[in-house]
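The basis for the numbers below is simple: all heavy atoms, side chains too, and nothing from hydrogens, waters or symmetry mates. Note that ligands are numbered from 1 as they come in the structure, with each ligand's atoms numbered from 1 the same way.
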Amino acid sequence: MCGIIGYIGEKKVIPILINGLKRLEYRGYDSSGIGYLMKKKVIVNKAAGKISNLEKLISDYDEDTFIGIGHTRWSTHGAPTNENAHPHFDGGARIALVHNGIVENYRTLKTKLKDLGYQFTSETDSEVIVHLISYFYEKEKSLVEAVRLALHEIEGTYGICVVSSLEQDKIIAARKGSPLIVGIGENEHFVASDAPAILEYTNNVVFLEDGDVAEIYKDHFNLKSLANQQIKREVEVLDLDISTIEKGGFPHFMLKEIFEQPESIQNSIRGRIVLSAGNVKLGGLEHVLDDLINSKRLILTACGTSWHAALVGEYMLEQYAEIPVEVEYASEFRYRNPILNRNDIVVAISQSGETADTLAAIRESKKRNATVLGVCNVVGSSIARESQAGVYIHAGPEIGVASTKAFTSQLAVLALLTVLIGRRKNLSFGYGEKICQELLNLPKKISQILQKQNEIEELAQQFYQAPNFLYLGRGYNFPVALEGALKLKEISYIHAEGYPAAEMKHGPIALVDENMPIVFIATKDSTYEKILSNIEEVKARKGKVIAIASEDDNSIDSIVDHVIKVPNTLEMLSPILTIIPLQLLAYHIAVKKGLNVDQPRNLAKSVTVE
Ligand code: F6R
């Protein structure tokens, strides 16, 4: 939520900033701006809307400027206007700041600063930080000191970058609650909210921790705490390739990521399956394995799509690992009194590893002495680092705002976790082996579904003007109904509801008429016969039924209006297959509506505000 980039070095800065912002645009696209030092002044260009609007303002990319910062915004305080775009200036236009996060006490600070004569030009919470820095600079005459003192006044979260004409040889960066990395090149340094912004220049990074303040020069940087203590952090080498963050010939990241799923699933399970033992190996959990086996309850906490993955995980873990599971919206978890017992383990599931609600939930759990495990995609992310143990899903960078490959990889990892715990309990060698073998078979089966893209596109053509959709499923495929509906809502803006199919008769059936498309996930599993009855109920009311069905189901074709067949698999793994046509359906409907699939309105990829 909001993306930050900074550069200091020997290269011309404007193209680096713009390029970095484009790579970060998935974090927010309400406005963007850059600030750079030139001829002893800070120059700021900013524009409401997409980065393309900012680009139109830049007359010369080749300016002799070698230090700068940039920002792409997801609005929290103040509308997406030019004035509210970052960077923000202090009164004298000597200090420029970009901020990701929320200043919770900004009203109090703003009143105090206004009383002191500071004038505000935006409605943002962020602007108070730059005026505070200016206030302390007058006293301290040191930029880093002024930043440190200003941050002492801030309640809330921040990732910030500051440049100033008063001290032209440095960028100051600091974080609390919003991610920031420092990239290290030869005679150059970068700052970014996320690795994709700098990956084409360097793989060597330092992850800043909460409370870190970095004073960054061309050829070195100095890291201290808010309390002014020297800090040393390891340089980590990112194992990421630039091609993984490019579209690779696809029109949208979302489509590319849907099509990457055979490979992303393979990466999630690679090296983790021990077929000969009907078991799995998860290195990141070895030291907590006994705790997992002995735990009385798992609490899976997450938001959005990751929460849907957690729901499927609940079914898997209760059935095969025989462990009671509760699934909690992370956003609700800490605002009640969650009862955590000594033997409870909290598992936080998050693609980005930066979701503020999920982070808050794990911090609350740790306060209550629970063991916290993380299931994350982004390596080195806050949730990964704050968890006591965990598993990476290794889906690779997910740039499309609508989560697709991360969901299926989360499910694959939850299946691995199920086998790991289950095999230490009553899950037989034979069934453990079967699950493992079927996980290995999934990439091929996903590829078979992807070949049906044209069929699904035709379906999209028929239904893209529908104002509403219902998605229904039972058992393992009830969360898939929720996820299918979410995908459609977020990228096509069509109202869609996901329900357990049997709940339909308790209310939603009132919505059914000849204009209502209803997607049933109706694979041949333990609830198949029941689902068929639900389909009949809908057909009796003239609803238009689209079924996701098993490849060997020949009888369903005559009952429903449209059918998309998926290969057979184990029931517990079926969501990994049944979601694929629903991702493609949502994608093609949104494309037919002419919408921006990768950057749907009002959304951002990484939700770092509560
Ligand atoms: C939906 C989507 C969101 C995220 C949610 C949690 O397509 O992307 O619902 O799933 O914001 O994000 P993570 O998994 O990064 O914690």
Side-chain angles (χ1 to χ4, degrees), residues 1-3 26-28 74 177-179 193-194 196 252-255 257-258 261 264 300-313 327-333 346-362 372 374-387 390-411 413-414 471 479-480 482-493 496 498 579-580 582-587 590 595-610:
M1 192 137 283
C2 296
Y26 70 89
R27 300 178 69 86
W74 185 82
S178 303
S193 301
D194 199 358
H252 296 100
F253 281 112
M254 182 179 177
L255 192 63
E257 287 157 9
I258 291 173
Q261 288 174 106
S264 51
L300 308 187
T301 188
C303 300
T305 289
S306 300
W307 186 80
H308 298 154
L311 285 179
V312 179
V327 177
E328 298 272 1
Y329 276 121
S331 52
E332 290 296 315
F333 185 63
V346 173
V347 184
I349 305 174
S350 173
Q351 186 286 127
S352 62
E354 300 294 346
T355 300
D357 289 317
T358 313
L359 257 174
I362 69 173
V372 173
V375 175
C376 295
N377 190 31
V378 177
V379 175
S381 56
S382 302
I383 294 173
R385 280 177 299 127
E386 290 195 26
S387 303
V391 194
Y392 282 117
I393 62 170
H394 293 314
E398 192 181 64
I399 312 272
V401 165
S403 186
T404 52
K405 63 175 181 171
F407 177 70
T408 46
S409 285
Q410 286 166 341
L411 298 186
V413 164
L414 287 165
Y471 286 72
V480 174
L482 296 179
E483 176 60 8
L486 178 65
K487 287 291 87 92
L488 188 70
K489 278 189 268 224
E490 58 186 348
I491 59 168
S492 75
Y493 318 145
I579 192 58
I580 310 273
L582 304 188
Q583 294 169 343
L584 282 170
L585 183 64
Y587 171 81
L595 297 170
N596 186 339
V597 172
D598 282 334
Q599 294 170 348
R601 70 182 179 204
N602 304 338
L603 294 178
K605 182 75 185 155
S606 175
V607 186
T608 54
V609 293
E610 279 188 62

4.5 Å side-chain heavy-atom contact, Leu482 and Tyr471: no
Heavy-atom side-chain proximity of Leu486 to Thr305 below 4.5 angstrom: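 In contact.
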Qualifying residues under salt bridge (charged side-chain N to carboxylate O under 4.0 Å, His left out), relative to Lys487, sequence neighbours excluded: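 Lys487 satisfies salt bridge (charged side-chain N to carboxylate O under 4.0 Å, His left out) with Glu483, Glu490 once adjacent residues are dropped.
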Donor + acceptor pair across side chains of Gln351, Ser306 (<3.5 Å):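 Looking only at side-chain atoms, Ser306 and Gln351 do not form any donor-acceptor pair under 3.5 Å.
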Worked check of side-chain contact (heavy atoms from CB on, under 4.5 Å) between Ile258 and Lys405: CA-CA 6 Å; Ile258 291 173; Lys405 63 175 181 171; over 6 Å; no
Within the 4.0 Å heavy-atom sphere of ligand 1, strictly under, residues: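 Contacts of ligand 1 under 4.0 Å: Cys303, Gly304, Thr305, Ser306, Ser350, Gln351, Ser352, Thr355, Val401, Ala402, Ser403, Leu486, Lys487, Glu490, Val607.
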Stepwise side chain to side chain donor-acceptor pair (under 3.5 Å) test for Ser382 and Glu354: CA-CA 6 Å; Ser382 302; Glu354 300 294 346; 2.6 Å; yes
